[in-house]
Amino acid sequence: TAGDLARFAPLAERPLAGRASAARAGSGTLLGGTFDIPLSAETDGLGLGIAQLDPLIAPPGTLDLAARRDTTGTTLHRLRIENSAFTGTARGQLSSRSGALTVSAALADLGLADRRLDGPARVAGDLGWTAGGDVTLTGLKVTAMGAALDLTGTLSPEAPGLPVAGRLTAEVADLARFAALAGQPLAGRIDATLEGRGAIETQTGDITLEMQSRDLETGLAQLDPILTGQGTLGLEAAHDGTTTTLRALRLTYDRAQLTASGAGEIAARTGEITFDAQLAALSPLDPRLSGAGSASGTLARDADGTITLTTVRAEAMGATLAGTGTVNPATPAATGALTARVADLARFNALTGQRLAGHLDLEAEGSGTGDTLRVTTSLSGRDLATGIPDLDRLLAGRLDLSAEAGRTPERIEISTIRLATPQLTLDARGDGAGGPIALDLRLVDLGLFLPEFPGPLTARGTATLAGPEAQRVPLALDATGPGGT
């Protein structure tokens, strides 16, 4: 009998609490190493200084043990620990050639261990071992909060590389019950199977995941509308000790499809991934969007941190974008090229809050390091409209624009700007080093803005962009209006 277990805390080298009284009757020999022991005990207020475990073992309870050891091995006939909050059982056999152990545990209320959990839980399974063979885990089943897990596995301790293999199935009837544990809103059902095999010593292996879900909710407003309904997720990946390879990633929902593959070295933080995503409807992402959308391309990261985008392409609302580029956030340095075609700008009215119209084609290239940037672009448009009456008069018909410009911490630099519409032409030429910019402008008919002054307007001169933000633009112009005025 131990009246107060706290007295044994220094010996156990951990906090102890509670009382225990035991009755034992058995036999054994010290030299022979044999025994036959039945043991029963009553406990109350037990504590081990483990916040999650102590509430489960504190209530008054009983312990029942029957074990025997002889020349054939050790037999655990029964081990049962029981109180109002927890029941645990074990039985098994162990010899020099093999071993087997069956265990089970039942908790009356998970909330005693963690307030974010609730309801009963149960764990049960079998562990086996054979000399020169595998350690096997079979039929380990866990049920809690409407979820069920089933795990099987093997470990080969005497084989080269220490091979291991396993299979896990999970059924979660209602993810909402795990929202408090995750710290965010969750809902829906998932059924998943995860299989894997590998070697612990060489850190190699592969995994396969197959998951089905229904009406998932993650608390992310842009993502949840895509995940509604039924969907599937498939994943195949491998690691050879150095490189992790994503053989296949497949995500299929009623409103979205995604495929991806790639490879990389996690330790070196390098790799490459190729992706292809399809959205049946963009409106769940933003009600101002409409129609379907898609995106594809290749993303890579080098050892020096440079990220490279290759053949990235996106389509949405009659617009197509394609681009390539590199960026190194540590330098920082970036280069890139972009092409865009917008068949009907009116489809973006809700997104921009403007009354847009027309067709637009854009090509741009640029590079930059630190606070410097250099850009070359060309743009052509047809029947453009912005909802600004004076500007729309100038843009009517066809528009062609090309420009080469740059920026440094000290100034904005213009090399060339050429703009042409049926109503307006502009030619601006600079030295690209912050000097004055030569301007040559011609408006076909000033009467577009001042009906009482019909006829052409021309202007020549210079403009100087002063300051880092060009907040001052001194002009020196000679203008000639209708009739030579």
Side-chain angles (χ1 to χ4, degrees), residues 33-37 52-53 56 63-82 86-107 110 113 120-172 190-212 233-241 244-245 247:
T34 64
F35 59 79
D36 188 351
I37 301 175
Q52 292 78 15
L53 180 61
L56 303 178
L63 181 149
D64 186 20
L65 170 68
R68 183 188 69 210
R69 181 174 180 177
D70 56 24
T71 57
T72 63
T74 301
T75 301
L76 177 63
H77 293 293
R78 67 181 180 275
L79 170 62
R80 184 178 182 89
I81 304 172
E82 184 173 9
F86 171 81
T87 301
T89 66
R91 57 183 175 83
Q93 291 182 320
L94 177 65
S95 71
S96 60
R97 301 182 60 181
S98 65
L101 181 67
T102 299
V103 297
S104 70
L107 282 69
L110 284 170
R122 179 173 175 80
V123 180
D126 297 288
L127 183 68
W129 166 81
T130 57
D134 295 338
V135 176
T136 60
L137 178 66
T138 58
L140 177 63
K141 300 181 185 299
V142 181
T143 57
M145 297 172 61
L149 306 179
D150 194 332
L151 175 65
T152 61
T154 61
L155 172 68
S156 304
E158 297 187 25
L162 202 59
V164 62
R167 184 176 190 270
L168 171 68
T169 63
E171 299 177 3
V172 183
I190 61 171
D191 296 270
T193 300
L194 176 66
E195 296 184 85
R197 62 181 57 251
I200 295 175
E201 291 182 348
T202 59
Q203 297 185 20
T204 60
D206 58 78
I207 62 169
T208 301
L209 171 66
E210 295 291 340
M211 186 185 80
Q212 296 79 42
L233 169 67
L235 172 69
E236 298 177 22
H239 185 70
D240 64 5
T244 298
T245 301
R247 296 190 180 123

Chemist: Of all residues at least two apart in sequence or in a different chain, which pass the side-chain hydrogen bond (donor to acceptor under 3.5 Å, both in side chains) check with Thr245?
Modeler: none

Chemist: Shortest non-hydrogen contact from Leu149 to Ala170?
Modeler: CD2-CB, 3.3 Å

Chemist: State, to 0.1 Å, how close Leu110 and Pro120 come at their nearest heavy-atom pair, and which atoms those are.
Modeler: CD1-O, 4.4 Å

Chemist: Could you name each residue pair satisfying side chain to side chain donor-acceptor pair (under 3.5 Å) that touches residues 152-169, not counting sequence neighbours?
Modeler: Asp134-Ser156

Chemist: To the nearest 0.5 Å, tell me how far Thr75 OG1 sits from Asp70 CG.
Modeler: 6.5 Å

Chemist: Which donor-acceptor pairs under 3.5 Å do the side chains of residues 190-205 make with protein atoms, sequence neighbours left out?
Modeler:
| from | atom 1 | to | atom 2 | distance (Å) |
| --- | --- | --- | --- | --- |
| Asp191 | OD1 | Arg189 | NH2 | 3.1 |
| Asp191 | OD2 | Arg189 | NE | 2.9 |
| Thr202 | OG1 | Thr204 | OG1 | 3.0 |

Chemist: Throw together a table of side-chain donor-acceptor distances under 3.5 angstrom for residues 91-105, partners on residues two or more places apart or in other chains.
Modeler:
| from | atom 1 | to | atom 2 | distance (Å) |
| --- | --- | --- | --- | --- |
| Ser95 | OG | Arg97 | N | 3.2 |
| Ser95 | OG | Ser98 | N | 3.2 |
| Ser95 | OG | Ser98 | O | 3.3 |
| Thr102 | OG1 | Asp126 | OD1 | 2.4 |
| Ser104 | OG | Thr89 | OG1 | 2.4 |

Chemist: How long is the gap from CZ on Arg69 to CG on Asp36, to the nearest 0.5 Å?
Modeler: 13.5 Å

Chemist: On a heavy-atom basis, which atom in Gly234 and which in Glu210 lie closest, and how many Å separate them?
Modeler: CA-OE1, 3.9 Å

Chemist: Please report the shortest heavy-atom distance between Phe86 and Leu107, naming the atom on each side.
Modeler: CD1-CD1, 4.0 Å

Chemist: Just to verify, what does Arg78 make a side-chain hydrogen bond (donor to acceptor under 3.5 Å, both in side chains) with, not counting sequence neighbours?
Modeler: Asp64

Chemist: Heavy atoms only: give me the nearest Ala144-Ala121 pair and the separation to one decimal.
Modeler: CB-CB, 3.7 Å

Chemist: Which value, rounded to the nearest 0.5 Å, describes the distance between Ile81 atom CD1 and Leu56 atom CG?
Modeler: 11.5 Å

Chemist: Return each pair, listed once, that meets side chain to side chain donor-acceptor pair (under 3.5 Å) where at least one residue sits in residues 136-147; pairs must be two or more places apart or across chains.
Modeler: Lys141-Asp150

Chemist: Quick one: CG on Leu76 to CG on Leu79, what's the gap to the nearest 0.5 Å?
Modeler: 5.5 Å

